[in-house]
Trainee: 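Take a look at this one; I'll ask things after.
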Amino acid sequence: MRTRMRGWRWRHNPLRRRSDVVEAWTVLVVAVLLFVVAPLTGVAAGLYAHDRAENLALTQRAERHRVHAVVVGSAAEPLPTVQGDRDHPYRAQVRWTEPGKGMRTALARVPAGSRAGDVVTVWFDGQGRGVAPPPNEVAVWQHTVTIGVCATAGAAGVVLLGHAVERRIALRHRLDEWEREWARTGPRWTQPRA
């Protein structure tokens with residue numbers, strides 16, 4: 001019959017080795033790091049990322065302005081993937097009327113499938129360059145959650161990697177301890193009996 005001994009590594013026991021105590025404390029520390037510190041790291045990184053993304057979005061909203069324009073160019077040309085965004089992946093010539101400045105024409109980002117004569121919403125910066133729309137609240141929260149989850153996973157990965165290294169070192173010390181014990185005990189067991 002098999003009996004379970006809960007916490008046997010913590011109790012005073014003649015069979016308890018020093019390595020058992022170290023392993024028990026290590027498991028406790030790893031559990032605290034995984035279930036308390038790693039999530040708190042993710043929350044802190046997420047909150048920091050949210051503040052930064054929210055400030056960036058507010059700055060971009062202040063610097064950029066939206067215009068309803070008519071596509072005047074022929075087929076829209078695709079933007080390189082680094083510069084493009086999902087909502088406005090193409091660039092085309094557009095024309096719009098700006099109050100006090102009259103009719104203006106510029107190259108701007110337009111939605112996929114835009115043809116000449118279509119009315120589109122485009123964004124421009126202070127210098128009149130066509131830019132992507134500023135991030136909305138959903139994009140800010142997606143960024144926040146992504147950074148938080150990645151920080152939590154990274155912290156958990158570091159903890160688990162450290163635990164794996166500690167386990168290898170503990171195993172090496174445990175084997176050395178067993179060798180020393182066997183060097184003391186082995187000759188009594190292996191001597192021929194008379």
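Sequential numbering from 1 along the given sequence is applied to the chain's residues. None of the values given here were measured: they were computed from a predicted structure.
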Trainee: If the condition is side-chain hydrogen bond (donor to acceptor under 3.5 Å, both in side chains), which residues does H173 pass it with, not counting sequence neighbours?
Mentor: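 For H173 there are no side-chain hydrogen bond (donor to acceptor under 3.5 Å, both in side chains) partners, ignoring immediate neighbours.
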Trainee: If every non-hydrogen atom of A183 is compared with every non-hydrogen atom of P187, which pair is closest and at what distance?
Mentor: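 Result for this residue pair: O-CD, 3.3 Å.
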Trainee: Per the salt bridge (Lys or Arg N to Asp or Glu O under 4.0 Å) rule, what does the pair list look like for residues 56-66, sequence neighbours excluded?
Mentor: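 Salt bridge (Lys or Arg N to Asp or Glu O under 4.0 Å) check on residues 56-66 returns no pairs.
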Trainee: Which heavy-atom pair separates D118 from G113 by the least distance, and what is that distance?
Mentor: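 Residues D118 and G113, closest heavy atoms: OD2-O, 4.0 Å.
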Trainee: So, for V71 and A92, which heavy atoms are closest and what is the spacing to 0.1 Å?
Mentor: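 What the structure gives for the nearest pair is CG1-CB, 4.2 Å.
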Trainee: If you compare all heavy atoms of A69 against all heavy atoms of V94, which two are closest, and at what distance to 0.1 Å?
Mentor: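 Closest approach of A69 to V94: CB-CB, 3.8 Å.
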Trainee: Can you list, pair by pair, the side-chain donor-acceptor contacts under 3.5 Å of residues 125-136, counting residues two or more places apart and other chains?
Mentor:
unit_1 : atom_1 : unit_2 : atom_2 : d
D125   : OD1    : Q127   : N      : 3.1
D125   : OD1    : G128   : N      : 3.1
D125   : OD1    : R129   : N      : 2.8
D125   : OD2    : R129   : NE     : 2.9
D125   : OD2    : R129   : NH2    : 2.8
Q127   : OE1    : R129   : NH2    : 3.2
N136   : OD1    : V138   : N      : 3.3
N136   : OD1    : A139   : N      : 2.9

Trainee: With a 4.5 Å cut-off on side-chain heavy atoms, are T26 and R167 touching?
Mentor: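 Of all side-chain heavy-atom pairs linking T26 with R167, none is under 4.5 Å.
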Trainee: With sequence neighbours left out, which residue pairs that include part of residues 128-166 fulfil the ring-ring contact (aromatic ring centres under 6.0 Å, His included) condition?
Mentor: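 As it turns out, the ring-ring contact (aromatic ring centres under 6.0 Å, His included) pairs with a partner in residues 128-166, which skip direct neighbours, are H50-W141.
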Trainee: Pairs in or reaching into residues 168-177: which pass salt bridge (Lys or Arg N to Asp or Glu O under 4.0 Å), with residues at least two apart or in two chains?
Mentor: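 For residues 168-177, and leaving out neighbouring residues, the salt bridge (Lys or Arg N to Asp or Glu O under 4.0 Å) pairs sorted by first residue read E23-R174.
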Trainee: Would you mind listing every salt bridge (Lys or Arg N to Asp or Glu O under 4.0 Å) that reaches into residues 38-56, with sequence neighbours excluded?
Mentor: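 Counting only pairs at least two positions apart or across chains, no salt bridge (Lys or Arg N to Asp or Glu O under 4.0 Å) contact touches residues 38-56.
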Trainee: Considering only Ile, Leu, Val, Met, Phe, Trp and Tyr, and joining two whenever side-chain heavy atoms are under 4.5 Å apart, list the other residues clustered with L171.
Mentor: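 Under the 4.5 Å side-chain rule, L171 groups with L175, W178.
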Trainee: Taking transitive links into account, so neighbours of neighbours count too, which hydrophobic residues share a cluster with V119 at under 4.5 Å side-chain distance?
Mentor: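 ILVMFWY cluster around V119 also holds V70.
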Trainee: Check which hydrophobic residues are tied to V29 through side-chain heavy-atom contacts below 4.5 Å, counting indirect links as well, and list them.
Mentor: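 Traced through the cluster, V29 reaches V30, L33, L34, F35, V37, V159, L160.
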Trainee: Same cluster or not: are V27 and V32 linked, directly or through other Ile, Leu, Val, Met, Phe, Trp or Tyr residues, by side-chain heavy atoms under 4.5 angstrom apart?
Mentor: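 No, because V27 and V32 fall into different hydrophobic clusters, even though each may have its own neighbours under 4.5 Å.
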Trainee: Could you check whether atom CD of E137 has more than 12 heavy atoms from other residues, nucleotides or ligands sitting under 6.0 Å from it?
Mentor: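 Enclosed: over 12 neighbouring heavy atoms sit under 6.0 Å from CD of E137.
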Trainee: For L56, enumerate each residue passing the side-chain contact (heavy atoms from CB on, under 4.5 Å) test, keeping only those at least two apart in sequence or located in another chain.
Mentor: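 For L56, the residues satisfying side-chain contact (heavy atoms from CB on, under 4.5 Å) (neighbours in sequence not counted) are Q60.
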Trainee: For A45 versus I147, what's the shortest heavy-atom pair and its separation?
Mentor: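 Reported closest heavy-atom pair: O-CG2, 3.7 Å.
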Trainee: Taking all heavy atoms of T152 and all of A38, pick out the closest pair and write down the distance.
Mentor: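 Taking T152 first and A38 second, the nearest heavy atoms are OG1-O, 3.6 Å.
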Trainee: Going by the rule side-chain contact (heavy atoms from CB on, under 4.5 Å), which residues pair with A106 if we only count those two or more places apart in sequence or in a different chain?
Mentor: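 Scan of A106 (side-chain contact (heavy atoms from CB on, under 4.5 Å), adjacent residues dropped) gives W96, F124.
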Trainee: Running the 4.5 Å side-chain criterion over Ile, Leu, Val, Met, Phe, Trp and Tyr, what cluster does L47 land in, apart from itself?
Mentor: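 Answer for L47: V43.
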